[in-house]
Protein chains: 2
Amino acid sequence: MNKVEIFKALSNKTRLQILSLLKDPEQYFPAQQEGVQANNQGVCVGHIQQKLGLSQSTVSEYLSLLQRAGLIVATRSGQWTYYKRDEAAIQRVAESILNDL
Amino acid sequence: MNKVEIFKALSNKTRLQILSLLKDPEQYFPAQQEGVQANNQGVCVGHIQQKLGLSQSTVSEYLSLLQRAGLIVATRSGQWTYYKRDEAAIQRVAESILNDL
DNA sequence: CAAATATATCGATTTTTCCCGATAAGCCAA
DNA sequence: TTGGCTTATCGGGAAAAATCGATATATTTG
């Protein structure tokens with residue numbers, strides 16, 4: 001776990017918002033739409049982009065940055081990439097802050 | 001509490017090191033030296049600078065940045081400024097991550 | 001008051017981040 | 001295989017951060 005990389009990933013309003021959106025996908029992304037996996041497995045890039053109102057390329061970059069930091073995971077399925085939070089990793093980060101900071 | 005500002009403050013190796021040094025001042029800064037307050041009230045800028053090996057101006061900037069983020073507090077006493085961790089604030093940050101992230 | 005010491009601020013340069021549009025790559029359907 | 005989606009990557013311009021040396025400010029001391 002690279003703390004500096006994680007804090008960098010978190011030090012941006014939009015990226016914090018992404019984590020927040022992914023916290024409760026059903027609330028933000030009605031389950032019937034395509035682009036939202038069943039069983040809450042993640043949300044596709046396009047839907048996240050719509051919520052944020054930023055360019056596709058920026059959102060894609062942010063998602064991959066959050067993934068490199070280990071905070072979210074991607075699942076490719078056909079032409080879609082579904083992103084979801086890695087709750088265990090996020091928990092470990094929180095504990096590391098509690099203990100080591 | 002501005003989360004983005006706090007995460008920015010934390011997203012730098014040197015600033016994390018400062019927080020770590022201030023965690024246990026007696027270990028890093030023998031209490032007999034001048035520039036270390038009695039009763040663990042903080043450590044002066046010069047001693048922190050020596051440990052870090054960066055320029056005086058950079059260390060001063062980092063300390064004031066950490067202070068603006070609310071993670072440390074400064075006490076001026078004569079010609080020295082003593083910095084110490086704001087443990088309660090740090091605790092609140094950790095809890096906020098645990099709950100809100 | 002003058003010199004010495006500690007810290008803060010200023011100005012400048014280099015590096016990093018933010019965010020975009022254009023384009024490439026992957027997948028699917030006709 | 002051609003065209004239409006979805007996502008990733010590339011190249012770039014503007015803004016912010018990193019870091020320094022020089023200088024200013026505040027404090028103490030002779």
Side-chain angles (χ1 to χ4, degrees), chain A residues 2-19 21-22 25 29 33-37 41-69 71-84, chain B residues 2-19 21-22 25 29 33-37 41-69 71-84:
Chain A
N2 182 336
K3 269 190 215 135
V4 171
E5 187 183 16
I6 290 171
F7 286 131
K8 271 188 184 159
L10 295 174
S11 64
N12 173 283
K13 199 176 182 100
T14 301
R15 290 192 295 266
L16 289 182
Q17 198 183 345
I18 290 174
L19 286 179
L21 290 176
L22 293 182
F29 310 98
Q33 288 178 259
E34 67 176 348
V36 178
Q37 282 183 315
Q41 291 309 292
V43 183
C44 70
V45 179
H47 283 159
I48 297 169
Q49 191 211 335
Q50 280 173 241
K51 286 286 172 195
L52 298 175
L54 290 177
S55 77
Q56 188 271 323
S57 56
T58 298
V59 174
S60 178
E61 293 252 348
Y62 281 177
L63 288 166
S64 108
L65 191 157
L66 285 166
Q67 189 190 18
R68 282 198 301 280
L71 297 165
I72 64 179
V73 294
T75 315
R76 184 98 201 204
S77 171
Q79 50 195 155
W80 288 282
T81 306
Y82 298 98
Y83 283 97
K84 67 170 182 182
Chain B
N2 182 336
K3 271 191 212 131
V4 170
E5 188 183 16
I6 290 170
F7 286 131
K8 270 189 183 157
L10 295 174
S11 64
N12 174 285
K13 202 179 180 96
T14 300
R15 289 192 296 265
L16 289 182
Q17 198 183 345
I18 290 173
L19 287 177
L21 290 176
L22 293 182
F29 310 98
Q33 286 179 260
E34 67 178 347
V36 178
Q37 282 182 315
Q41 292 308 293
V43 183
C44 71
V45 179
H47 284 159
I48 297 169
Q49 190 212 337
Q50 280 172 240
K51 285 286 172 195
L52 298 175
L54 291 176
S55 76
Q56 187 272 324
S57 57
T58 297
V59 173
S60 178
E61 294 252 348
Y62 280 179
L63 288 166
S64 109
L65 191 157
L66 285 166
Q67 189 189 18
R68 282 198 300 279
L71 297 166
I72 63 179
V73 294
T75 315
R76 183 97 202 206
S77 171
Q79 50 196 154
W80 289 282
T81 306
Y82 297 98
Y83 284 96
K84 67 170 181 183

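Note on naming: letters A, B, ... go to the chains in the order of the sequence lines (proteins, then strands), and numbering restarts at 1 for each one.
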How long is the line joining [atom1] of [X] and [atom2] of [N], in whole Å?
| X | N | atom1 | atom2 | value |
| --- | --- | --- | --- | --- |
| B:Ile48 | C:dA8 | CD1 | P | 10 Å |
| A:Leu66 | C:dC18 | CG | P | 11 Å |
| A:Lys13 | C:dT17 | NZ | C1' | 17 Å |
| A:Leu63 | D:dT7 | CG | C1' | 10 Å |
| B:Tyr82 | C:dT5 | OH | P | 16 Å |
| A:Glu5 | C:dT16 | CD | P | 14 Å |
| B:Leu65 | C:dT7 | CG | P | 18 Å |
| B:Leu52 | D:dC20 | CG | P | 11 Å |

Original post:
Are any of B:Tyr83's side-chain N or O atoms less than 4.0 Å away from OP1 or OP2 of C:dA8?
Top reply: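 Result: yes.
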Original post:
Does the side chain of A:Thr81 get closer than 4.0 angstrom to OP1 or OP2 of D:dA8 through an N or O atom?
Top reply: yes
Side-chain donor/acceptor contact of [X] with base of [N] under 3.5 Å:
| X | N | value |
| --- | --- | --- |
| B:Ser55 | D:dG21 | no |
| B:Gln56 | C:dA6 | no |
| B:Glu61 | D:dA18 | no |

Original post:
Reckon A:Leu54 touches a base, only the sugar-phosphate, or nothing at all at heavy-atom distances under 4.0 Å?
Top reply: sugar-phosphate
Original post:
Heavy atoms under 4.0 Å, any strand shown: does B:Ser60 hit a base, just sugar-phosphate, or nothing?
Top reply: base
**OP:** Select from A:Ser57 and A:Lys8 the residue whose nearest nucleotide in DNA chain C is closer to the 5' end of that strand.
**Re:** A:Lys8
**OP:** Between A:Asn12 and B:Ala74, name the one whose nearest nucleotide on DNA chain C is closer to the 5' end.
**Re:**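 Here B:Ala74 is the residue nearer the 5' end.
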Original post:
If only atom types and distance count, is the side chain of B:Ser11 paired as donor or acceptor with the main-chain N or O of B:Lys8 below 3.5 Å?
Top reply: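 Checking the backbone N and O of B:Lys8 against the side chain of B:Ser11, a donor-acceptor pair under 3.5 Å is found.
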Original post:
Counting N and O atoms only, with roles assigned by atom type, does the side chain of A:Ser55 sit under 3.5 Å from a partner on the main chain of A:Thr58, one being a donor and the other an acceptor?
Top reply: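 Confirmed, A:Ser55 side chain pairs with A:Thr58 backbone.
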Original post:
Taking the side chain as C-beta and beyond, is there a heavy-atom pair between A:Tyr62 and A:Ile18 under 4.5 Å?
Top reply: yes
**OP:** Evaluate side chain to side chain contact (heavy atoms under 4.5 Å, CB included) for A:Thr81 paired with A:Arg76, printing each intermediate quantity in order.
**Re:** CA-CA 4 Å; A:Thr81 306; A:Arg76 184 98 201 204; 3.5 Å; yes
Subject >> Positive for side-chain contact (heavy atoms from CB on, under 4.5 Å) with B:Arg15, one of B:Leu52, B:Leu10, B:Leu65 >> reply: B:Leu65
Subject >> Distance, nearest 0.5 Å, that separates CG of B:Leu63 from OH of B:Tyr83 >> reply: 5.0 Å
**OP:** If a protein heavy atom is under 4.0 Å from the base, mark B; if only from the sugar-phosphate, S; if neither, -; do that for nucleotides 25-30 of chain D going 5' to 3'.
**Re:** --BS--
Original post:
Could you go step by step and tell me if A:Asn12 and B:Phe7 meet the side chain to side chain contact (heavy atoms under 4.5 Å, CB included) rule?
Top reply: CA-CA 8 Å; A:Asn12 173 283; B:Phe7 286 131; over 6 Å; no
